[in-house]
Colleague: 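Got a structure for you, questions after.
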2 protein chains.
Amino acid sequence: MESQDLRKAGLKVTLPRIKVLEILESAQQRHMSAEDVYKALLEMGEEIGLATVYRVLTQFEGAGLVSRLSIEGGHAVFELEDGSHHDHLLCVRCNQIEEFIDEVIEQRQRAIAAEKGFQMTDHSLYIYGICRNCQS
Amino acid sequence: MESQDLRKAGLKVTLPRIKVLEILESAQQRHMSAEDVYKALLEMGEEIGLATVYRVLTQFEGAGLVSRLSIEGGHAVFELEDGSHHDHLLCVRCNQIEEFIDEVIEQRQRAIAAEKGFQMTDHSLYIYGICRNCQS
DNA sequence: AATATAAATGAAAACCTTTCTCATTTACAC
DNA sequence: GTGTAAATGAGAAAGGTTTTCATTTATATT
Ligand SMILES: [Mn+2]
Ligand SMILES: [Mn+2]
Ligand SMILES: [Zn+2]
Ligand SMILES: [Zn+2]
C-alpha cells in the first residue's frame, strides 16, 4: 500500500503523492521524466499540476523513495529507489535506458577520489551509444 | 596563430572567434562556462555578445577545437580539446575541477557496452566531492 | 582596390525545464 | 467537527541556452 510507504517516509498522505507513487510502481518504463509522470497522470484521469509533480518527485528524492538521473542536455529522469546503486547506458537513438553495476569501476572511482584528496559525495556515469535494436 | 587553427577547422576568421580562442588558450582556468568566457572578453575590452560566445563555443565543439562538459544541475563548461580523453572530479564547495584518466575504467566501460550490445558513442563520468582545500 | 554575396554578429525575444508565489484546499492532530 | 500547518494548482518567474532578424563583416571575384 502506497500510504504506508508515504507515512514511513514522513510525508503526509495526499492524492498527488499516492498517484505519483502508483505511476512509478506500475509504469512500463522504469525511468521517467516529470513530464512523463505528468502525462501518465492525465491519461489516468488525474488532474495534478506539473508543479506538483516536480514537488512530489523532489520530496520523494529527499525521502529516498526515488533517485534522479541528470542526463546530458535534457531533463531529469526519475526512478524508484531500490537500494542498489547502479549506473546507466543510454541509447541516443531511441532513448532506451539500461542499467549496470560494475564493482571494478566503483572501486576505481573511490581510489581516484582518495588519490586526489577528494571526499567523494557522489558520482555519475553514463555510457551513451546505439542499442542493439537501433543498429540498423 | 589562432587564425590558422580557425581556417584549419573550416571556420571564417572573425574577431569573436579569434578572441574566444585567445581566452581559452590563455585563461588561468582550463574549464570555463560561456558566461566565464563572456566576462573575460569584457575585461579584455571586447564587446562580444553572449549569444555569439555560445555560438562560437558550439561551433568550436563541432570543429573539435573544444569539448563540452555537462555538469550536474548547472551550466555547461568548455575546455580546449587536446586530443586526450579524460574524466573529471568536481568540488561541490568551490567548483574546482580536476582531471583524471583511468584506463581500467575506460576498458570496463567498453566491455559493458559490448556486453549490452551497445555501440558506444560517448560516455561521461563525473566524480563529485569535497576537495582537500575545502575539507574544513 | 572596389564589389558582391554568403556568412557572422548583436540585441532582444523566445525557449525549455524547473522553481517559486500566493490564494485556496486538504490532511490530520486534537 | 475544528483548527492549523502543510500541500496544491495556476501562473509567473527563473536561469541557461537558442533563435530571430536586421545589420555588419569576411572573403571570393572582378
Ligand atoms: Mn536506473
Ligand atoms: Mn577537462
Ligand atoms: Zn535504441
Ligand atoms: Zn573545493
Colleague: Decide yes or no on salt bridge (charged side-chain N to carboxylate O under 4.0 Å, His left out) for Arg108(A) and Glu103(B), but give the supporting numbers first.
Modeller: CA-CA 10 Å; Arg108(A) 287 300 305 143; Glu103(B) 257 319 312; over 6 Å; no
Colleague: May I have the distance from Leu42(B) (atom CG) to dG10(C) (atom P), rounded to whole angstrom?
Modeller: 11 Å
Colleague: Show the atom names and distances, to 0.1 Å, of all donor-acceptor pairs under 3.5 Å that link a side chain in residues 42-53 of chain B to residues at least two apart or in another chain.
Modeller:
from	atom 1	to	atom 2	distance (Å)
Thr52(B)	OG1	Arg55(B)	NH2	3.3

Colleague: Find which nucleotide of DNA chain D each of Val56(A) and Arg68(B) is nearest to by heavy atoms, and output the residue with the more 5' nucleotide.
Modeller: Val56(A)
Colleague: What integer distance in Å separates Gln59(A):CD from dT19(C):C1'?
Modeller: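 My rounded result for the distance is 13 Å.
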Colleague: Check whether any side-chain nitrogen or oxygen of Thr58(A) sits under 4.0 Å from OP1 or OP2 of dT18(C), and answer yes or no.
Modeller: no
Colleague: Could you tell me how the ring of Tyr126(B) sits relative to the ring of Tyr128(B): parallel (under 30°), tilted (30 to 60°) or perpendicular (over 60°)?
Modeller: tilted
Colleague: Regarding Ala76(A), tell me which of base, sugar-phosphate or nothing describes its non-hydrogen contacts under 4.0 Å with the strands shown.
Modeller: sugar-phosphate
Colleague: Whole angstroms only, please: what is the CD1-P distance between Ile71(A) and dC16(C)?
Modeller: 18 Å
Colleague: Rounded to the Å, how far apart are Leu6(B) CG and dT9(C) P?
Modeller: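 In whole Å, dT9(C) P and Leu6(B) CG are 10 Å from each other.
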Colleague: Which heavy atom of Val13(A) sits nearest a heavy atom of Ser3(A), and at what distance?
Modeller: CG2-O, 3.9 Å
Colleague: Before you tell me yes or no, could you show the steps for Leu57(A) and Leu24(A) under side chain to side chain contact (heavy atoms under 4.5 Å, CB included), namely the whole-Å CA-CA distance, both residues' side-chain angles and the distance that decides it to 0.1 Å?
Modeller: CA-CA 10 Å; Leu57(A) 288 171; Leu24(A) 291 174; 4.1 Å; yes
Colleague: Give the angle between the helix axes at the two ends of the helix from dA1(C)-dT30(D) to dC30(C)-dG1(D), taking five base pairs at each end and rounding to 10°.
Modeller: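 Overall, the helix from dA1(C)-dT30(D) to dC30(C)-dG1(D) bends by 30° from one end axis to the other.
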Colleague: Nearest-nucleotide wise, let me know which of Ser33(B) and Leu11(B) is further upstream toward the 5' end of DNA chain D.
Modeller: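 Comparing both residues, the 5'-ward one is Ser33(B).
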Colleague: Is it the case that dT21(C) (base atoms only) and Arg55(A) (side chain only) share a donor and an acceptor within less than 3.5 Å, ignoring hydrogens and angles?
Modeller: yes
Colleague: Can you name the nearest heavy-atom pair linking Met120(B) to His123(B), along with the distance?
Modeller: SD-CB, 4.4 Å
Colleague: Rounded to the nearest 0.5 Å, how far apart are CG of Asp87(A) and CG of Leu125(B)?
Modeller: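 Rounded to the nearest 0.5 Å, the CG-CG separation comes to 8.5 Å.
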Colleague: Which nucleotide span of DNA chain D, 5' end to 3' end, has atoms closer than 4.0 Å to non-hydrogen atoms of chain A?
Modeller: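 That gives a stretch of dA6(D) to dG11(D).
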Colleague: Classify Glu35(B) by what it touches in the nucleic acid, base, sugar-phosphate, or nothing, heavy-atom distance under 4.0 Å.
Modeller: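 Glu35(B): no heavy atom of the nucleic acid under 4.0 Å.
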Colleague: Reckon Ile48(B) touches a base, only the sugar-phosphate, or nothing at all at heavy-atom distances under 4.0 Å?
Modeller: sugar-phosphate
Colleague: Val13(A) side chain: which of dT18(C), dC28(C), dA7(C) is closest?
Modeller: dC28(C)
Colleague: Considering only side-chain heavy atoms of His75(A), which listed nucleotide, dT18(C), dA11(C), dC28(C), is closest?
Modeller: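 Nearest listed nucleotide: dT18(C).
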Colleague: From CG of Leu50(B) over to P of dA14(C), roughly how many Å is that when rounded to an integer?
Modeller: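 To the nearest whole Å, that distance equals 18 Å.
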Colleague: Report, as yes or no, whether the 6.0 Å neighbourhood of atom CZ on Arg93(A) holds more than 12 heavy atoms from other residues, nucleotides or ligands.
Modeller: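 Count not over threshold, so no.
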Colleague: Has Tyr54(A) got a side-chain N or O lying under 4.0 Å from the OP1 or OP2 atom of dT19(C)?
Modeller: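 Checking dT19(C) against Tyr54(A), no side-chain N or O comes under 4.0 Å of OP1 or OP2.
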Colleague: Grab the two heavy atoms, one from Asp36(B) and one from His31(B), that are nearest each other, plus how far apart they are.
Modeller: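 Minimum heavy-atom separation between Asp36(B) and His31(B): OD2-O, 4.4 Å.
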Colleague: For a 4.5 angstrom cut-off between non-hydrogen side-chain atoms, does Tyr38(B) reach Val20(B)?
Modeller: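 Not touching, per the 4.5 Å side-chain cut-off.
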